[in-house]
Amino acid sequence: MNGVIILSLKKSAYYQAAANLAMSIKHFNKNINITLVSDGGHNEHFRSEHYSYFDWIKQIDELDYNDDYGFSPALAKINIYKYSTYDNTLYIDSDTLVLKDIQPLLNKLVSLNGNFYSNVLGSGGFNDDIRYQAWATNEKLWDYFKLKKEQNIYTFNTSWFFFRKKTENFFKKTYNNYFGGFSKLDLKNKWGGSLPDELFFYGTLAQLEINPSVDFDVCFFGENVDSRTFEELESQFYMFTLYGGRSTVRLIYREWYDRLCHMMSASNGLNNYFKGHNILQQKHVNNAN
């Protein structure tokens, strides 16, 4: 069995966004299996229709999202594999909407030979200026993960990633790297006062010499105004994410998020969705560093 897993923790933004995301998935295909992994806070925000979007809701262990510094969403994402009962899992960040049926996307990912895929944005070696290598200098990255200078890394945004059941060893290695002593003081850019999951995901993949790239479009980010129409974006991409902070995504696409939610909710005879503006105001990345 294949399915989608969504994580929501700590803030109302993530419970609300998870409901919007699940609604969008079911809007296009009611047969997609969806698991919500939550610390229980969703119960303060969901009405009956919100629960109906999920096939399973699982309580996450507090040890899986807290480290020595306190709350760590990165650690929760690294531990997410523990909560999937699927043979093939598509993890999607809660601040995302799907734009069409994602069953073809799942089928494409399952048909590939690898065990882990994500939205690769850059690649290169020790001496390269690598796109989206946002979290550490090359010197620190290669040293911490004990990479050879001729090894390449693939940088990616973890708004979505795909993994198979047999990738457990990869996640365990990522977990060990997370607790290997990387200091927040060594971050090139700060991220909500905690360590970013992407750093440890792409460092571990580099150690294992795994290329997680796919050769088709999956996620639209909206950090720049695109020349394509909304209809063209909906045709080309499977999903759209409100990634980053309050204003990372351009206003035209933040407003698009609400229009899409309204349309999907109304098509089911409801008018009960959560507004993108409220979600963006509470995101973890906005926290003081």
Side-chain angles (χ1 to χ4, degrees), residues 1-60 77 80 83-86 89-106 158-162 218-222 230-231 233-243 249 252-283:
M1 181 170 62
N2 306 325
V4 171
I5 201 162
I6 303 169
L7 180 65
S8 64
L9 297 171
K10 208 73 173 175
K11 295 185 177 183
S12 60
Y14 295 109
Y15 312 125
Q16 295 172 4
N20 286 348
L21 170 56
M23 174 183 69
S24 72
I25 294 169
K26 294 292 189 179
H27 173 78
F28 293 105
N29 188 335
K30 297 188 185 306
N31 295 319
I32 302 286
N33 296 298
I34 306 176
T35 297
L36 175 68
V37 178
S38 171
D39 58 0
H42 64 281
N43 290 309
E44 298 177 14
H45 299 273
F46 283 11
R47 289 170 51 175
S48 59
E49 58 266 32
H50 301 133
Y51 288 102
S52 71
Y53 301 142
F54 300 96
D55 298 281
W56 296 276
I57 297 179
K58 295 188 176 185
Q59 181 87 16
I60 189 171
K77 202 178 282 192
I80 197 68
Y83 299 90
S84 176
T85 56
Y86 306 125
T89 303
L90 179 60
Y91 167 85
I92 307 177
D93 267 356
S94 61
D95 55 359
T96 304
L97 290 180
V98 305
L99 300 172
K100 56 187 176 184
D101 183 3
I102 59 169
Q103 187 61 57
L105 171 61
L106 271 166
T158 54
S159 291
W160 72 270
F161 54 82
F162 168 86
V218 176
C219 189
F220 178 70
F221 292 94
F230 293 120
E231 291 77 13
L233 294 174
E234 290 168 18
S235 174
Q236 183 164 348
F237 295 93
Y238 286 97
M239 59 186 79
F240 156 58
T241 181
L242 293 175
Y243 89 111
V249 175
I252 186 175
Y253 302 120
R254 285 179 263 150
E255 293 175 341
W256 183 37
Y257 177 94
D258 284 337
R259 289 200 305 274
L260 289 169
C261 285
H262 175 76
M263 178 272 293
M264 294 174 190
S265 181
S267 73
N268 290 309
L270 303 170
N271 189 22
N272 189 16
Y273 62 92
F274 299 106
K275 297 296 182 74
H277 172 77
N278 294 333
I279 292 167
L280 283 166
Q281 292 305 308
Q282 299 179 56
K283 291 189 65 179

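Worth knowing before you read on, the calculation uses all heavy atoms, side chains too, and leaves out hydrogens, waters and symmetry mates. Computed from a predicted model, the values in this text were never measured in an experiment.
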Residue pair Y243 / V249, side-chain heavy-atom distance below 4.5 Å: yes
I60 and Y83, any side-chain heavy atoms less than 4.5 Å apart: yes
N2 and T89, any side-chain heavy atoms less than 4.5 Å apart: no
Residues forming a ring-ring contact (aromatic ring centres under 6.0 Å, His included) with F28, sequence neighbours excluded: none
Expected output: side-chain D39 to main-chain K10 donor-acceptor under 3.5 Å: yes
D55 side-chain N/O to T35 backbone N/O, donor-acceptor pair under 3.5 Å: no
Any residue meeting ring-ring contact (aromatic ring centres under 6.0 Å, His included) with F237, in chain and number order, not counting sequence neighbours: F220
For L21 against S94, the heavy-atom pair lying closest together: CB-O, 3.8 Å
From CD1 (I32) to CD1 (I34), nearest 0.5 Å: 7.5 Å
For F46, ring-ring contact (aromatic ring centres under 6.0 Å, His included) partners two or more places apart: H42, H50, Y51, F54
Residues T158, K77; criterion side-chain hydrogen bond (donor to acceptor under 3.5 Å, both in side chains); working and verdict: CA-CA 9 Å; T158 54; K77 202 178 282 192; 3.1 Å; yes
Nearest-0.5 Å distance that lies between atom CE in M239 and atom CG in L105: 5.5 Å
Heavy-atom side-chain proximity of L90 to I5 below 4.5 angstrom: no
Point-to-point distance, once rounded to the nearest 0.5 Å, from CG of L242 to CG of L97: 7.0 Å
By side-chain hydrogen bond (donor to acceptor under 3.5 Å, both in side chains) - contacts of S267 (at least two apart): H27
Heavy-atom donor-acceptor pair, N43 side chain to G40 backbone, under 3.5 Å: yes
Closest heavy-atom pair and its distance - E234, K100: O-CD, 3.6 Å
Non-hydrogen side-chain atoms of I252 and F230 separated by less than 4.5 Å: yes
Straight-line distance of I102 CD1 to Y238 OH, nearest 0.5 Å: 10.0 Å
Near-ring test W256/F240, centroid separation under 6.0 angstrom: yes
Student check: side-chain heavy atoms of L7 and Y91 closer than 4.5 Å: yes
Contact check, side chains of W56 and N33, non-hydrogen atoms, under 4.5 Å: yes
Qualifying residues under ring-ring contact (aromatic ring centres under 6.0 Å, His included), relative to Y15, sequence neighbours excluded: H45
Shortest non-hydrogen contact between A17 and Y257, atoms and distance: CA-OH, 4.3 Å
Q59, CD: over 12 other non-hydrogen atoms inside 6.0 angstrom: yes
Backbone N/O of S38 and side chain of K58: donor-acceptor pair under 3.5 Å: no
Atom pair SG/CG of C219 and L99 - distance to nearest 0.5 Å: 8.5 Å
Beyond-backbone contact of W160 with V218, side-chain heavy atoms, under 4.5 angstrom: yes
With sequence neighbours excluded, residues passing side-chain hydrogen bond (donor to acceptor under 3.5 Å, both in side chains) with N31: none
From CA spacing to verdict: side-chain contact (heavy atoms from CB on, under 4.5 Å), N20, F274: CA-CA 7 Å; N20 286 348; F274 299 106; 3.7 Å; yes
Distance (rounded to the nearest 0.5 Å) between Y53 OH and S24 OG: 10.0 Å
